[in-house]
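To find a chain, count down the sequence lines: A is the first, B the second, and so on, and within it residues start at 1.
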There are 2 protein chains.
Amino acid sequence: MEDGTSMSATHTDVRATTSCEIRDLLDRLADKWSLLVVELLGSGTRRFSELDRDIEEISQRMLTLTLRNLERDGLVSRTVHPVVPPRVDYALTGLGESLLAAVHPLVSWTRAHRDEISTARESYDSRRGHEGGR
Amino acid sequence: MEDGTSMSATHTDVRATTSCEIRDLLDRLADKWSLLVVELLGSGTRRFSELDRDIEEISQRMLTLTLRNLERDGLVSRTVHPVVPPRVDYALTGLGESLLAAVHPLVSWTRAHRDEISTARESYDSRRGHEGGR
DNA sequence: CGGAATCCGGGGTGATACTG
DNA sequence: CAGTATCACCCCGGATTCCG
């Protein structure tokens, strides 16, 4: 992982540094569900089953794994209530909320340019769409 | 794909809507390299081989695929110079630049909280780290 | 109810070789 | 130089089952 070959800094390696940041970011959040869960928790504490229901398409397994990772990174807090039946609440930590804030521009961007992207995509596809793939 | 069961809108589906945005976003950019390439192109036009060298860990195959996708979505422009040897330049489109701007807060966030996350992670691991995985 | 363990398939990803 | 094609691998993620 840490190839560390940062000696290739012929010139300023601001690029390389930024690359690492992004790599870091991607490795942590570029999975299928993390940001989604963070976004949901942004509107308040939720129980496991609530998250499960709200996302629907997610499997319990992935919800659990996602929450674990987020908890591990200090983005989400997990609170177990010693009652029967068990009740576990998840919420964003301060760190998680700051992430959510940082993500928001990206969400807005997606919303704002969704159509543009669709158009570009269709245009591209029709240009070479043709021969049904294989 | 489109399970489309959006009829479950018992109450306001603002959440669901946002979820879709994020899903959209993730499906498009949450791969291993897209954001990285966008970030690199943010500092100016680059040739294929330059990108290849700058990222290093990426394979030609993935660089090609990534660039194709970005081009398809209208985020990156591709310019072929009819010379020998071939020269192809890649650059961000206006749309791509706007994406970059939207991503920047996230990059800053990562840089700012990298340590916090590492700490949280180590703490979490040491709490249950124990038995070296498997 | 919340979660862990297991099994399993698909596809995203990498390495390599070939082409224009 | 800038790709494309093919193969093989690995791991993400879904379905299911069992546990406290």
Side-chain angles (χ1 to χ4, degrees), chain A residues 1 3 22-23 26-37 40-41 45-72 76-91 124 128 130-131 133-134, chain B residues 1-3 5 22-23 26-37 40-41 45-72 76-91 124 127-131 133-134:
Chain A
M1 303 339 177
D3 56 82
I22 304 255
R23 245 305 27 91
L26 291 173
D27 287 341
R28 180 153 16 244
L29 300 173
D31 58 79
K32 221 172 161 187
W33 308 107
S34 292
L35 281 186
L36 208 45
V37 171
L40 272 178
L41 290 179
T45 299
R46 299 259 165 105
R47 306 181 52 171
F48 184 89
S49 50
E50 290 177 321
L51 289 171
D52 202 16
R53 244 175 289 118
D54 284 345
I55 308 193
E56 300 189 10
E57 330 92 43
I58 201 175
S59 61
Q60 289 182 347
R61 168 192 160 79
M62 287 317 297
L63 181 54
T64 300
L65 288 180
T66 301
L67 287 169
R68 284 268 174 288
N69 276 332
L70 294 174
E71 187 194 356
R72 186 165 102 105
V76 161
S77 68
R78 177 172 179 268
T79 310
V80 182
H81 297 91
V83 299
V84 286
R87 177 195 178 103
V88 181
D89 287 334
Y90 290 93
Y124 182 95
R128 56 184 63 195
H130 56 71
E131 21 134 13
R134 143 85 358 17
Chain B
M1 312 311 197
E2 42 4 54
D3 55 81
T5 41
I22 304 253
R23 248 298 35 88
L26 291 174
D27 288 341
R28 181 153 14 246
L29 300 173
D31 58 79
K32 222 174 161 186
W33 307 106
S34 292
L35 281 185
L36 208 45
V37 171
L40 273 177
L41 291 179
T45 299
R46 298 261 164 101
R47 308 179 50 170
F48 184 88
S49 51
E50 290 178 321
L51 289 170
D52 203 15
R53 245 176 287 117
D54 285 344
I55 306 192
E56 298 188 11
E57 330 94 44
I58 201 175
S59 61
Q60 291 181 348
R61 170 193 160 78
M62 286 317 296
L63 181 54
T64 300
L65 288 180
T66 301
L67 287 169
R68 284 265 175 293
N69 276 331
L70 293 174
E71 188 195 356
R72 187 164 102 106
V76 161
S77 68
R78 177 171 178 269
T79 310
V80 182
H81 297 90
V83 300
V84 287
R87 176 195 178 102
V88 180
D89 286 336
Y90 289 92
Y124 182 94
R127 239 174 297 156
R128 57 183 66 193
H130 56 73
E131 21 131 14
R134 146 81 6 43

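Among all heavy-atom pairs drawn from B:Leu41 and B:Tyr90, the shortest one is CD2-O, 3.5 Å. Considering all non-hydrogen atoms of both residues, B:Phe48 and B:Gln60 come closest at CZ-O, 4.1 Å. In plain terms, the two heavy atoms of A:Val80 and A:Pro82 that are nearest each other are O-CD, 3.6 Å. Nearest heavy atoms, B:Leu36 versus A:Leu26: N-CD1, 4.5 Å.
Residue B:Ser49 has a polar side-chain atom (N or O) positioned under 4.0 Å from OP1 or OP2 of D:dA2. Checking the phosphate oxygens (OP1, OP2) of C:dC1, no side-chain nitrogen or oxygen of A:Tyr90 falls inside 4.0 Å.
Listed nucleotides C:dC1, D:dC1, D:dA2 differ in distance to B:Phe48; the shortest reach to its side chain belongs to D:dA2. Side-chain atoms of A:Val88 lie closest to C:dG2 of the nucleotides D:dC1, D:dG3, C:dG2.
Taking atom NE2 of residue B:His81 and atom P of nucleotide D:dC1, one finds them 16 Å apart after rounding to whole Å. The separation between A:Asp52 atom CG and C:dG2 atom P is 9 Å, rounded to whole Å. Across the protein-nucleic acid pair, B:Arg47 atom CZ and D:dG3 atom P stand 10 Å apart, rounded to whole Å. Counting to the nearest Å, the C1' atom of C:dC1 and the CZ atom of A:Arg78 are 12 Å from each other. Remark: P of C:dT16 and CD of B:Gln60 are 12 Å apart, rounded to the nearest angstrom. One can place CZ of B:Arg23 at 12 Å from C1' of D:dG13, the figure rounded to the nearest angstrom. Rounded to whole Å, atom C1' of C:dG10 lies 17 Å from atom CG of B:Asp31. Following rounding to the nearest Å, A:Arg53 (CZ) and C:dC1 (C1') show an atom-to-atom distance of 11 Å.
Taking for each of B:Pro85 and A:Ile58 the nucleotide of DNA chain D with the nearest heavy atom, the 5'-most of the two is the partner of B:Pro85. Nearer the 5' end of DNA chain D, as judged by each residue's closest nucleotide, is the contact made by A:Ala30, out of A:Pro86 and A:Ala30.
Every salt bridge (charged side-chain N to carboxylate O under 4.0 Å, His left out) that A:Asp27 has, sequence neighbours left out, goes to A:Arg23. Residues satisfying the side chain to side chain contact (heavy atoms under 4.5 Å, CB included) test with A:Arg61, not counting sequence neighbours, are A:Ser59, A:Leu65. Scored by the side chain to side chain contact (heavy atoms under 4.5 Å, CB included) test, A:Asp89 finds A:Thr45, A:Arg47, A:Thr79, A:His81, A:Arg87 as partners (sequence neighbours excluded). Applying the salt bridge (charged side-chain N to carboxylate O under 4.0 Å, His left out) criterion to A:Arg68, with sequence neighbours excluded, gives A:Glu71.
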Q: Would you check, one step at a time, whether the test side chain to side chain contact (heavy atoms under 4.5 Å, CB included) holds for B:Leu51 with B:Ile58?
A: CA-CA 9 Å; B:Leu51 289 170; B:Ile58 201 175; over 6 Å; no
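Contacts between residues 61-72 of chain B and DNA chain D, counted as heavy-atom distances below 4.0 Å, involve B:Arg61, B:Thr64, B:Arg68.
In the helix from C:dC1-D:dG20 to C:dG20-D:dC1, the end axes, each obtained as the rotation axis mapping the C1' atoms of four pairs onto the next four within a five-pair block, lie 40° apart to the nearest 10 degrees.
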